[in-house]
Amino acid sequence: MRTNEERAQLRHSAAHLLAHAVVELFPRTQLTIGPATPDGFFYDFLPEQNFKEEDLPLIAQRMSEIVARNLPITHREISKTEARNLYKDNPFKLELIDAIPGDTVGLAEQGNFYDLCKGGHVEHTGLLTHFKLLHISGSYWRADRNNQPLQRITGVVFFTAQELAEYEKRIEEAQLYDHRRLGKQLDLFSFHEEGVGFPFFHAKGKKILNILTSHLRSLLEKDNYQEISTPIMLSDELWKTSGHYAHYKKNMYFCDIDDKSYAIRPMNCPGSILVYKSRPRSYRELPLKLAEFGLVHRHELSGVLHGLFRVRSFTIDDGHIYCTVEQLETEVVKLIGLITKVLKRFSFTDLYIGLSTRPENSMGSDALWEKAIHALRDGLEKTGTPYHVQEGEGAFYGPKIEFVIQDSMGRQWQCGTIQVDFFLPENFDLNYVASTGMKERPVMVHRAIYGSFERFLAILLEHFKGNLPFWLSPVQARILTITDEQKPYAQAILSALKEHNISVELDESRDQISAQIKAAQLEKIPWMLVIGKKEVETNTITLRHRDGKQEFGLSVEEIIKRALALNAD
Ligand SMILES: [Zn+2]
Ligand SMILES: [Zn+2]
């Protein structure tokens, strides 16, 4: 295993290699900086004429030639006077030299190429074979828009050909299975100028959201949640009490009703709190668990919007648990069980669980924090799930457990949070009547499993590469007939399957069977039920799976039995 430092040296050396190739090809280019990044490297240039995408292969080819020269990479300290002389025509380097403390600066050299640099390289250019230039983009000197615009060339480099090949495959897959592309191909959702950042779900997309909702709803009912629904617009006073007005105002949308200012909710918590406060609560009601599939709106800059990953309106599978601090541990155990169960259904079994503890400048007493963190920790220990303590990373109003999943392409996503909150019960003066008859303050827990349905759907689409599991597919089966003569038989099968709530369609086109199969494959429908003359005669069905595998002579009862088994939790 290579260390991060070794990787950084390789990447930074590749940046020198890039600059070396560029000055050989375009000698009047001014060099600025070329650091290693967490993923690769870049170099910022001021070229005489702007680089074009077509220049990249040319530059890459020259880089390979320099690699083949096997030039030793050396590094030495030179006096600032000498350095200023070397760079007398390069204001960027002169500025860098001035900023370096002391009388000397570092200089890296390979062949007749040199670059101002504090060191940390591989031994020779021959070690830089496995690189790839990615793109040209605009940048600014010292990343400041008021400064000289520059051109950045970005690349990646690896120690082995295999690592580079794996990287290229990952990038290719990520593009191929981009959820925005799949969303169009599978007719799930779209975006429109008329509502920038607000997703439109088509029938099939909505169907998947409904399946996700009912999957969760059935589990919540078993765990004594009560589902509520609260308004998406609430008056400013409420948002002042909740603290959103002070801290989140720039991300909220406002609107007047009868001369009074309202905000569209960016979170569902205050609505839940008003339900809690609608009547006196007794300790006998605790833990009180209120769930809401709540639509929220948050203003995001148009530049950061990204398909369903980053939108301006989304639905959270929100849940708020009101309990005593003593009940926290039991609730945490239940929540961990619930969250891991839900995620497992989507084949997310490789979970990273983080416990974030008390940060500086937090609110609430030491005793309360102590008890709450104990409860979370003991809960985690009890379930036997491995977890990592993230010291001091909790919110100022309470500790948190977060769940991070890993998808089929090795990417990590945070899904599932258990957030303890001492702040809102205080601000909204929440209480319950304890067994002693005294009023006590409950603790509040915010929890979400999917987080945002929109983002979770995007993760699922990419994770499954569009091949959603049978139970999650908006169309589970499509019946295809060879000729119209088989339509009456096909209709009978259609009715029988629908009777059992299986999502089934009949291909009504008069296309050739091969075209019908192709269409179903493009839509990634799990089952094709193929009916020809022989199937009608023998009262059977040929089942063609999404991957092309076929099973012959199945009865309609067998098909229904299998479908129901797959649909069952
Ligand atoms: Zn260097
Ligand atoms: Zn909440």
Side-chain angles (χ1 to χ4, degrees), residues 5-20 23 31-37 41-44 66 71-78 83 93 96 100 105-111 113-125 127-128 157 225 228 230 232 234 238-239 241-244 247-248 265-276 288-296 298 314-323 335 395 397-398 400-402 416-425 427-428 430 442-452:
E5 197 187 339
E6 285 173 318
R7 289 193 186 280
Q9 288 180 356
L10 187 78
R11 288 167 183 161
H12 170 66
S13 304
H16 281 311
L17 176 69
L18 165 62
H20 189 166
V23 293
L31 302 184
T32 72
I33 55 160
T37 65
F41 63 90
F42 68 80
Y43 209 109
D44 279 353
I66 301 168
L71 301 170
I73 306 173
T74 58
H75 185 262
R76 65 190 167 96
E77 289 290 312
I78 59 170
K93 294 289 190 190
L96 292 173
I100 297 167
V105 294
L107 194 77
E109 290 172 284
Q110 55 193 44
F113 172 81
Y114 58 88
D115 202 352
L116 191 70
C117 164
K118 60 177 188 290
H121 307 110
V122 296
E123 280 166 30
H124 58 89
T125 60
L127 297 167
L128 299 166
V157 64
Y225 278 83
I228 59 169
T230 67
I232 79 159
L234 294 162
L238 183 83
W239 302 108
T241 310
S242 70
H244 287 91
H247 301 290
Y248 205 69
R265 65 179 174 192
M267 286 182 191
N268 303 310
C269 336
S272 164
I273 288 175
L274 294 188
V275 172
Y276 180 92
L288 182 72
K289 309 185 203 183
L290 302 179
E292 178 168 18
F293 298 102
L295 176 66
V296 300
R298 294 179 189 175
F314 52 96
T315 301
I316 303 174
D317 61 313
D318 235 326
H320 293 101
I321 300 173
Y322 303 86
C323 63
L335 278 173
Y397 51 85
K400 169 173 89 169
I401 296 175
E402 60 186 3
T417 43
I418 303 174
Q419 171 73 61
V420 180
D421 189 344
F422 311 132
F423 179 74
L424 288 180
N427 277 21
F428 282 95
L430 298 189
V443 171
M444 188 175 176
V445 179
H446 311 256
R447 71 104 192 92
I449 305 175
Y450 300 145
S452 138

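Both counts, for ligands and for their atoms, begin at 1 and track the order of listing. Predicted model only: the values in this text are computed from it and were never measured.
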In His446, which N, O or S atom comes closest to the Zn ion (ligand 2)? ND1
Within 6.0 Å of CD in Glu123, more than 12 heavy atoms from elsewhere: no
Side chains of Leu127 and Ile73: does their closest heavy-atom pair fall under 4.5 Å? no
Tell me whether the rings of Tyr322 and His320 are parallel (<30°), tilted (30 to 60°) or perpendicular (>60°). tilted
When the ring centroid of His16 is compared with that of His12, is the distance short of 6.0 Å? yes
Where does the angle between the aromatic ring planes of His446 and Tyr397 fall among parallel (under 30°), tilted (30 to 60°) and perpendicular (over 60°)? perpendicular
Are the side chain of Arg265 and the backbone of Trp239 linked by a donor-acceptor contact shorter than 3.5 Å? no
Distance below 2.8 Å from the Zn ion (ligand 1): protein N/O/S atoms: His12 NE2, His16 NE2, Cys117 SG, His121 NE2
Out of curiosity, Thr32 OG1 to Phe42 CZ, how far, rounded to the nearest 0.5 Å? 8.0 Å
Looking at His320, pick out the N, O or S atom nearest to the Zn ion (ligand 2) and give its name. NE2
